[in-house]
K.L.:
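Below is the structure I would like to discuss, written out as structure tokens.
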Amino acid sequence: MLKFRRPLRTFCCWSRRMCFRLEDGILLCIRRHRKECVGLLHPLSALFLLSLIGFTFVYDLWFVLPLLTDPQGIWHKLNWLLGIYVVFNILANWWLGFTSNTTVGSLPPKRQHPEAGEAHLWHYCTTCQKLVPPRSWHCRLCNDCILKRDHHCTFLGNCVGHNNQRYFLGFLFHLTLGTGQALVYNAMLSWKHNAFLVSDPLFLVAHDYRDDPLLDWKITVGSIFKLNFLLFLVPLGMFILQMVMVSRNSTCYLIMDRSYDVGWRRNFEMVLGRRRFWTFFSATIASPLPNDGTKWICKQNV
Ligand SMILES: [Zn+2]
Ligand SMILES: [Zn+2]
């Protein structure tokens with residue numbers, strides 16, 4: 001046993017060194033080829049998401065729903081309406097979040113500089129070489145300073161910040177709603193055909209299903225249900241995380257910082273605007289934000 005210890009330790013050190021080198025290499029590559037990375041990453045993420053939305057929409061509304069409800073009945077039509085409403089809001093929030101300019105440069109020229117007595121609250125960005133407002137941080141991928149930066153979202157193709165966090169929340173909310181709606185259909189279909197377990201490889205080994213003429217169909221239906229369940233959990237988890245962050249007026253950039261928490265009502269208003277939760281009904285509802293992203297009230301000053 002002892003004679004293996006030294007080669008094992010050498011291998012561990014070597015693999016750790018290789019991991020660090022790989023990480024450094026990836027970071028260096030991003031720094032040197034920022035434009036190429038962004039140009040590749042954003043369209044690929046968008047294509048992946050569009051394919052998933054398109055597949056779920058066609059499969060669940062065209063294929064699964066007629067097997068569960070009467071195609072001429074009111075329930076069928078209502079489910080179709082809900083599906084169209086959800087997809088419209090996913091795409092509208094996505095588009096508005098992508099096209100929103102949330103950089104410091106989006107401010108009127110007068111507000112891009114601190115007012116008298118404000119300079120001590122602003123900080124210097126060494127990359128942009130200028131003073132930027134509190135809670136603004138530089139994004140390497142956007143190559144700009146972002147107002148109240150939360151994080152860079154590759155699916156949104158933009159940084160999530162002061163001007164577009166409302167759309168990001170709406171995007172996640174409707175993704176959760178859409179995958180939840182599909183999950184109900186897929187669960188009902190799997191239940192109807194007893195396909196929950198059949199797609200499990202262990203179950204297939206233990207039981208002889210060779211004579212079942214619907215075996216392939218059951219495996220497909222059961223597997224899509226399981227995939228759908230995972231796809232429901234991802235936006236749900238992200239939506240819950242974002243709601244917690246917004247309710248405390250903190251950001252993913254500084255996750256533990258609660259110094260701007262001025263009560264959940266005002267915190268939500270600072271992100272969703274004056275119409276607050278009504279914005280979840282439609283991405284097109286106008287809801288002006290109470291501040292321009294340069295002035296923040298600290299908790300101790302409330
Ligand atoms: Zn900067
Ligand atoms: Zn960014």
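Order of appearance sets the numbers: ligands from 1, and atoms from 1 within every ligand.
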K.L.:
Before you tell me yes or no, could you show the steps for Cys153 and Phe168 under side-chain contact (heavy atoms from CB on, under 4.5 Å), namely the whole-Å CA-CA distance, both residues' side-chain angles and the distance that decides it to 0.1 Å?
P.N.:
CA-CA 9 Å; Cys153 177; Phe168 185 62; 3.8 Å; yes

K.L.:
State, to the nearest 10 degrees, the angle whose vertex is the Zn ion (ligand 1) and whose arms point to SG of Cys125 and SG of Cys128.
P.N.:
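An angle of 110° at the metal.
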
K.L.:
Taking C-beta and beyond as the side chain, do His151 and Thr251 meet within less than 4.5 Å on heavy atoms?
P.N.:
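They are not in side-chain contact.
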
K.L.:
Show your reasoning for whether side-chain contact (heavy atoms from CB on, under 4.5 Å) applies to Leu82 and Gln181.
P.N.:
CA-CA 9 Å; Leu82 179 65; Gln181 185 186 358; 3.7 Å; yes

K.L.:
By atom name, which N, O or S atom of His138 is the nearest to the Zn ion (ligand 1)?
P.N.:
ND1

K.L.:
Quick check: does Cys139 have an N/O/S atom under 2.8 Å of the Zn ion (ligand 1)?
P.N.:
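Coordinating: no.
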
K.L.:
Tell me which N, O or S atom of His152 sits nearest to the Zn ion (ligand 2).
P.N.:
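Of the nitrogen, oxygen and sulfur atoms in His152, the Zn ion (ligand 2) lies nearest to ND1.
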
K.L.:
Hey, is Lys295 close enough to Glu115 for a salt bridge, meaning N to O under 4.0 Å?
P.N.:
yes

